[in-house]
*Asks:* 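Following this message is one structure expressed as structure tokens.
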Amino acid sequence: MSGPLRFLRDNGLTLAFGTAFLLTLTGQAFAGCAELNTVLRSSGLHPVGCGEYVLTSDFLVDVTENWQSEFLQFFLFAFGTVWLVQRGSPESKEVDSIGRESDERQKTGAYATPESPRAASAGGLRQSLYSNSLGIVMCLIFLLSWLAQSVTGVVTYNEGQLRALQDPVGWSTYVLSAEFWNRTLQNWQSELLAVASMAILSVYLRQRGSPESKPVGAAHTATGVEG
Amino acid sequence: MRPITACLLMSVLCLGLAGCGSVEERASAARSAALGFGAALRASDEVRACEALAPATREELEQDGPCPTALAALRLDTVAGEPLATDVYGEQARVVFARDSVFLASFPEGWKVTAAGCVPRPGRPARCEVKGD
């Protein structure tokens, strides 16, 4: 197999989903642009070009409100599955492994192998940070996206307020408003439903060949087994 | 600091500063448009005042005849004194004066007045002497 083909095969999951992400983001931009222009035209206002639209708060609030909830989901999943288990689910570890687990099992400190990342064999803060790096990065992206949602959200909200000849509000008022929490919670509930569904449905249902599923013939009671 | 981190931070900083600069420039342009509308009214130059209106606002006025005539008949006493505050959010702006406010929207040719002589009403749209439908 040639180098480029091997690269595509070895990174297919990231490349396929990354490309699909960019295509759907582009689709969202065109759909959002058309929707906003319908509103603007009905108010006798000048429509925006779609190139211009992707820099508007209207587009950015829609993007960031979804991003924050996705990264919250993965952050909660990464941290929650340290302490919470689901008997029979491939998304869960075994029920007697609750907690941060031993150095031996985690291959840290003295148990690090030659192939382990250097931070795994290092001690102290460096190892501690690396041991939580996935959750920390997910949490940081969640917080930054949520902050971005609040900043772009207040601009969009106030633009609507001014269009409706009403008073704009400050950021601190906006983050306590029904609009902000409605945008936030409608995304959170769907992410939490997806995690709960995946945890319980994967106990009884199978997807042959997927690491997100148990092997087809695995017992319903088998936990932490990936196909 | 790694070069890529420094580049990212500089890009965010530049975008932030460009955004702030842009908002101040746009607020200044919105203020000028509101003051120009007021100056035209005070000079009884209704033709120029009508040119400062957004199309939908102008159309609304033209229900009662030509825009300059309809505007003159209203005897608007708005845009008095210096602006107290200017709010710009996206393509919309509001310039607040001591007695009332002017609402504006951005068009390719600049800011245009969508409503004038507006007095706020809590929880409801402002009551305006001139506005679009």
Side-chain angles (χ1 to χ4, degrees), chain A residues 32-33 35-64 137 140-141 143-145 147-174 177-180, chain B residues 8-9 12 15-16 18-20 22-23 26-27 30 34 53-62 85-96 100-133:
Chain A
C33 176
E35 186 192 4
L36 178 64
N37 282 337
T38 303
V39 173
L40 291 176
R41 284 196 189 94
S42 71
S43 305
L45 299 172
H46 188 72
V48 295
C50 290
E52 194 185 341
Y53 172 72
V54 296
L55 297 174
T56 65
S57 58
D58 194 84
F59 176 66
L60 294 174
V61 69
D62 288 348
V63 169
T64 53
V137 167
L140 276 177
I141 299 176
L143 290 173
L144 288 173
S145 304
L147 177 66
Q149 179 201 325
S150 73
V151 172
T152 52
V154 73
V155 174
T156 301
Y157 179 77
N158 282 339
E159 195 173 3
Q161 286 288 100
L162 293 183
R163 208 179 290 142
L165 308 180
Q166 297 199 58
D167 290 338
V169 301
W171 180 83
S172 55
T173 303
Y174 178 71
S177 70
E179 145 92 12
F180 177 72
Chain B
L8 277 172
L9 283 175
V12 170
L15 277 173
C20 291
S22 168
V23 168
R26 300 177 79 233
L53 293 175
T57 311
R58 197 174 163 141
E59 268 175 35
E60 192 67 13
L61 271 174
E62 286 170 345
T86 306
D87 303 299
V88 176
Y89 292 99
E91 303 298 300
Q92 303 292 314
R94 180 183 70 165
V95 183
V96 181
D100 54 17
S101 301
V102 174
F103 288 84
L104 305 103
S106 178
F107 288 84
E109 57 272 32
W111 290 98
K112 297 282 183 184
V113 173
T114 53
C118 300
V119 180
R121 293 183 294 178
R124 297 176 62 195
R127 178 178 287 117
C128 301
E129 293 185 71
V130 176
K131 64 174 183 175
D133 63 352

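As a basis for the values below, the full set of heavy atoms in this structure was taken, side chains included, without hydrogen atoms, waters or symmetry mates. Numbered from 1 within each chain, the chains take letters A, B, ... in sequence-line order.
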*Asks:* So for A:S43, is it side chain, backbone, both, or neither that comes closer than 4.5 Å to the heavy atoms of chain B?
*Replies:*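 Interface part for A:S43: backbone (N, CA, C, O).
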
*Asks:* Can you check whether A:A148's main-chain N or O pairs, donor with acceptor, with A:T152's side chain at less than 3.5 Å?
*Replies:*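 Yes, the answer is positive, given that a donor and an acceptor are paired below the 3.5 Å cut-off.
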
*Asks:* May I ask you to test the A:Q149-A:F180 pair for a side-chain heavy-atom distance under 4.5 Å?
*Replies:*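 Yes, close enough: below the 4.5 Å cut-off.
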
*Asks:* Do B:T114 and B:T57 pair up side chain to side chain, a donor and an acceptor below 3.5 Å, judged on atom types alone?
*Replies:*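 The criterion, which ignores hydrogens and geometry beyond distance, is not satisfied for B:T57 and B:T114.
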
*Asks:* Find out whether B:F103 and A:R163 are in side-chain contact, i.e. whether some heavy atom of one side chain is under 4.5 Å from a heavy atom of the other.
*Replies:*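 Contact flag for B:F103/A:R163 side chains = no.
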
*Asks:* Would you mind checking which part of B:E59 comes under 4.5 Å of any heavy atom in chain A, side chain (CB onward), backbone (N, CA, C, O), both or neither?
*Replies:*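 For B:E59, there is no contact with chain A at all, as no heavy atom is under 4.5 Å.
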
*Asks:* For chain A, which of B:P108, B:A54, B:G132, B:P55 has the most heavy-atom pairs under 4.5 Å?
*Replies:*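 Heavy-atom pairs under 4.5 Å are most numerous for B:P108.
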
*Asks:* Side chain, backbone, both or neither: which part of B:K131 has a non-hydrogen atom closer than 4.5 Å to chain A?
*Replies:*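 B:K131 touches chain A through side-chain heavy atoms alone.
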
*Asks:* Is any residue of residues 116-126 of chain B within less than 4.5 Å of chain A by heavy atoms, and which ones?
*Replies:*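 Result: B:P120, B:G123, B:R124, B:P125, B:A126.
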
*Asks:* Do you know which of A:T56, A:D167, A:L162 has the most heavy-atom pairs with chain B at a distance under 4.5 angstrom?
*Replies:*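 The option with the most such pairs is A:L162.
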
*Asks:* Taking the side chain as C-beta and beyond, is there a heavy-atom pair between B:Y89 and B:D87 under 4.5 Å?
*Replies:*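 Side chain of B:Y89 against side chain of B:D87, heavy atoms only: contact under 4.5 Å found.
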
*Asks:* Donor-acceptor pair, distance only, cut-off 3.5 Å: does the side chain of A:N37 make one with the backbone of A:V48?
*Replies:*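 Answer holds: yes.
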
*Asks:* Between B:R26 and B:E91, is any pair of side-chain heavy atoms under 4.5 Å apart?
*Replies:*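 Yes, side chains in contact.
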
*Asks:* Side-chain contact test, heavy atoms from C-beta onward, threshold under 4.5 Å: evaluate it for B:V96 versus B:T86 and give yes or no.
*Replies:*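 No - every pair of side-chain heavy atoms lies 4.5 Å or more apart.
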
